[in-house]
Amino acid sequence: MGNYLFTQPFFKKNGKAVAIYFLVAIVFWFVFLVIIPQLYMLDLSFRSNVPPLARGGPQDYYTMEHYQHFVFGSKTSLDAFNFVDLGVFGRTILVSIVVTIANLLFCYPIAFYIAKIANPSTARLLIVSLIIPFWINELLRSFALRILFANEGVINNFLTGIGVIDQSILFITYDIGLYTGLVYAYILLMMFPLYNAIESLDINQIEAAKDLGSSSLRTHWRIVIPHAKPGIVSGCTMVFMLTVGALATPVVLSSPNTLWFPQLIYQWFNMNDNWSRGSAYSIILLIISVIFVLAMMRIFKVKIGEIIK
Amino acid sequence: MSADVELNNVSVTFGSFYAAKSVNVKINGGEFFSFLGPSGCGKTTLLRAISGFQDPSEGSVLIDNKDMSGIGPNKRPTSLIFQNLALFPLMSVSENIAFSLEVRGVSKGDRQKRANELLELIALEGQGEKKVHQLSGGQKQRVAIARALAVEPKVLLLDEPLSALDLKLRQRMRTELREIQKRVNITFIYITHDQGEALTMSDRIAVMNEGEIEQIGPCDEVYNNPLTPFVATFVGENNPLFGKVKEINQNKIKIETPDGDFVSTMNENKKLNIGDEAIAFVRPESLFLPRDGDSFDNLIDVNIESFEFEGNIKNFYATLKSGTKIKFSIPNAIDTSLISSGTKLQLGFESTKSSILPKAQLAID
């Protein structure tokens with residue numbers, strides 16, 4: 001058995017020691033850091049909320065109450081549905097989709113410029129200047145944006161100072177700060193898959209299209225975008241998943257009146273001490289994320305292997 | 001419809017480097033014209049200047065007597081076939097061919113009709129639905145030609161499109177390209193470093209070296225009467241014999257070399273004077289083994305070193321008295337079994353089959 005295993009191409013290619021390390025590391029990562037915690041959460045989400053000491057006791061039983069709560073609200077509520085949580089959830093999904101699209105629209109021209117137009121030294125400079133801001137912690141970046149967008153912040157002070165406006169624009173109240181922060185937060189995760197995909201396109205393809213009479217726009221539509229599709233899908237899924245699960249940016253930048261779905265999850269876990277309900281809400285978010293990825297793959301007819309490439 | 005292409009004093013510079021330098025050439029409508037030269041000689045730069053991807057730093061490009069400056073590649077009556085063909089891998093063969101019509105807003109039905117016509121022209125009927133990667137090398141080549149022809153360009157530009165093919169296919173495609181050119185009757189401008197390709201297909205060729213044109217003319221003229229040592233050694237093979245001009249007599253010129261005196265007809269440049277350093281060139285196939293009764297203008301003593309058998313010919317490598325090495329080829333039809341290394345021979349060649357040119361850079365240096 002052991003001998004049979006070691007004659008496999010994977011072992012021959014990498015050598016025994018490295019191959020075993022790879023296997024152990026991957027299995028550890030997948031089983032202990034992904035599967036077991038998720039299964040634990042899944043189990044928890046169907047259990048009644050009891051203090052740790054009461055676990056396994058008579059009060060600890062399987063129930064759908066947390067999922068029911070998400071849809072219909074508390075049993076004492078008079079509303080037919082849990083409009084508050086559903087509203088937060090719907091808005092989070094919708095805004096995340098918009099943020100993802102905005103991210104794509106913002107990154108595509110830049111990625112194209114770096115990959116195909118800029119000379120190598122300019123391209124390097126641009127990539128470095130994209131990366132450097134991300135050496136700073138996400139929370140601090142969000143606070144920096146808060147300072148820019150506050151009612152008495154840099155932008156408002158500047159605009160009132162030069163007399164363009166006479167009253168502060170309520171960037172934070174209207175969540176403009178939040179949306180900007182969310183677009184900015186995961187920009188690299190859109191930029192690099194796009195850049196990689198576009199970079200691999202033969203420049204002759206673009207020139208050939210042009211030579212055949214194609215306008216720039218059409219060349220993008222017919223040649224560059226179809227080629228970059230796996231990169232687009234890859235970038236969009238990553239940005240969507242991270243946006244929909246973002247916590248730090250909404251905590252700092254969202255208006256006091258609105259909540260981001262992960263904030264809700266956070267509240268159930270940490271403030272209300274209801275891990276079961278928090279788990280149920282997390283599972284709902286996970287399912288939506290998976291559906292989004294599958295939908296993207298279906299719509300763009302991309303296979304999972306192409307995305308990871 | 002074909003068009004004249006005229007390059008007026010075209011220079012292209014990258015920094016202080018001249019990729020093309022003061023190029024003047026007029027290519028006639030309907031002509032198959034080749035730019036021949038080693039890699040880096042500026043021929044691709046010229047092609048890009050004609051297609052509009054490269055603006056000349058100086059001079060102008062005229063197509064159909066119209067100045068092309070400021071007109072982009074998508075607005076010129078030219079189509080370019082790329083060295084790697086640049087077919088669109090995500091589109092079908094038909095979509096590839098009809099792409100230029102699609103971008104011009106031609107309806108789907110008309111596009112399909114034109115694609116089918118072109119598929120017939122390139123003998124790929126019924127293969128329009130295939131993906132590009134399902135085609136063989138030669139088929140891809142033909143699809144690239146059809147795609148370039150779909151908009152009925154006045155000038156077709158070809159950038160070494162045969163270089164990726166194997167020998168047999170390359171030879172067949174030469175004939176095919178020539179036939180397609182005759183059928184569609186438009187100007188073909190062909191770029192190549194392969195003199196065989198240039199000679200077999202072209203009406204005229206321009207030989208380029210370091211950004212400049214060394215000679216323009218019909219193929220046989222360039223081959224038989226090279227005007228510079230570079231052309232003499234780049235187009236076909238040539239044996240250089242270095243020496244000094246000894247006599248000039250009407251249209252005959254005599255050169256004195258360590259291996260004897262040689263006579264050649266003077267070329268039209270007539271640049272040489274007595275005492276000038278010069279090179280006499282004689283091609284391997286112009287050197288003959290004299291038989292009884294033969295008389296040659298020039299005779300040369302050689303000492304055979306080695307030989308190789310190429311099939312239709314046998315190549316011999318020999319040294320002259322001075323140590324200069326030369327090569328000569330004898331058709332396989334002639335019995336050469338008695339010649340082996342160490343054999344001493346006398347070879348002859350005609351003055352009309354040799355050129356004496358002022359000393360300058362050779363292509364083989």
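The chains referred to below are lettered A, B, ... by the order of the sequence lines, with proteins before strands, and numbering in each begins at 1.
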query: So, are A:E138 and A:R141 salt-bridged, with charged N and O less than 4.0 Å apart?
result: no
- request: Please determine if B:R178 and B:D203 form a salt bridge, counting it only when a charged side-chain N lies under 4.0 Å from a carboxylate O.
  value: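 Judged by the 4.0 Å cut-off on N to carboxylate O distance, B:R178 and B:D203 do form a salt bridge.
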- request: Count the heavy atoms of every other residue, nucleotide or ligand shown that sit under 6.0 Å from CZ of B:F53, and state whether that count exceeds 12.
  value: yes
- prompt: Among B:E102, B:E95, B:R147, which residue forms the greatest number of heavy-atom pairs with chain A at distances under 4.5 Å?
  reply: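 Option with the top pair count is B:E102.
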Greatest number of heavy atom pairs closer than 4.5 Å to chain B - which of A:P226, A:S215, A:A209: A:A209
field: Exercise: do B:Q134 and B:K131 side chains pair donor with acceptor under 3.5 Å
entry: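 Distance-only check fails for B:Q134 and B:K131.
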task: Decide if the gap between the ring center of A:F134 and the ring center of A:Y184 is smaller than 6.0 angstrom.
output: yes
Which bit of [X] is near chain A, if near means a heavy-atom gap under 4.5 Å: side chain, backbone, both or neither?
X     : answer
B:L87 : backbone
B:F82 : side chain
B:L80 : both

message: Less than 4.5 Å to any heavy atom of chain B: does that hold for the side chain of A:D211, its backbone, both, or neither?
response: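 Both parts, heavy atoms under 4.5 Å.
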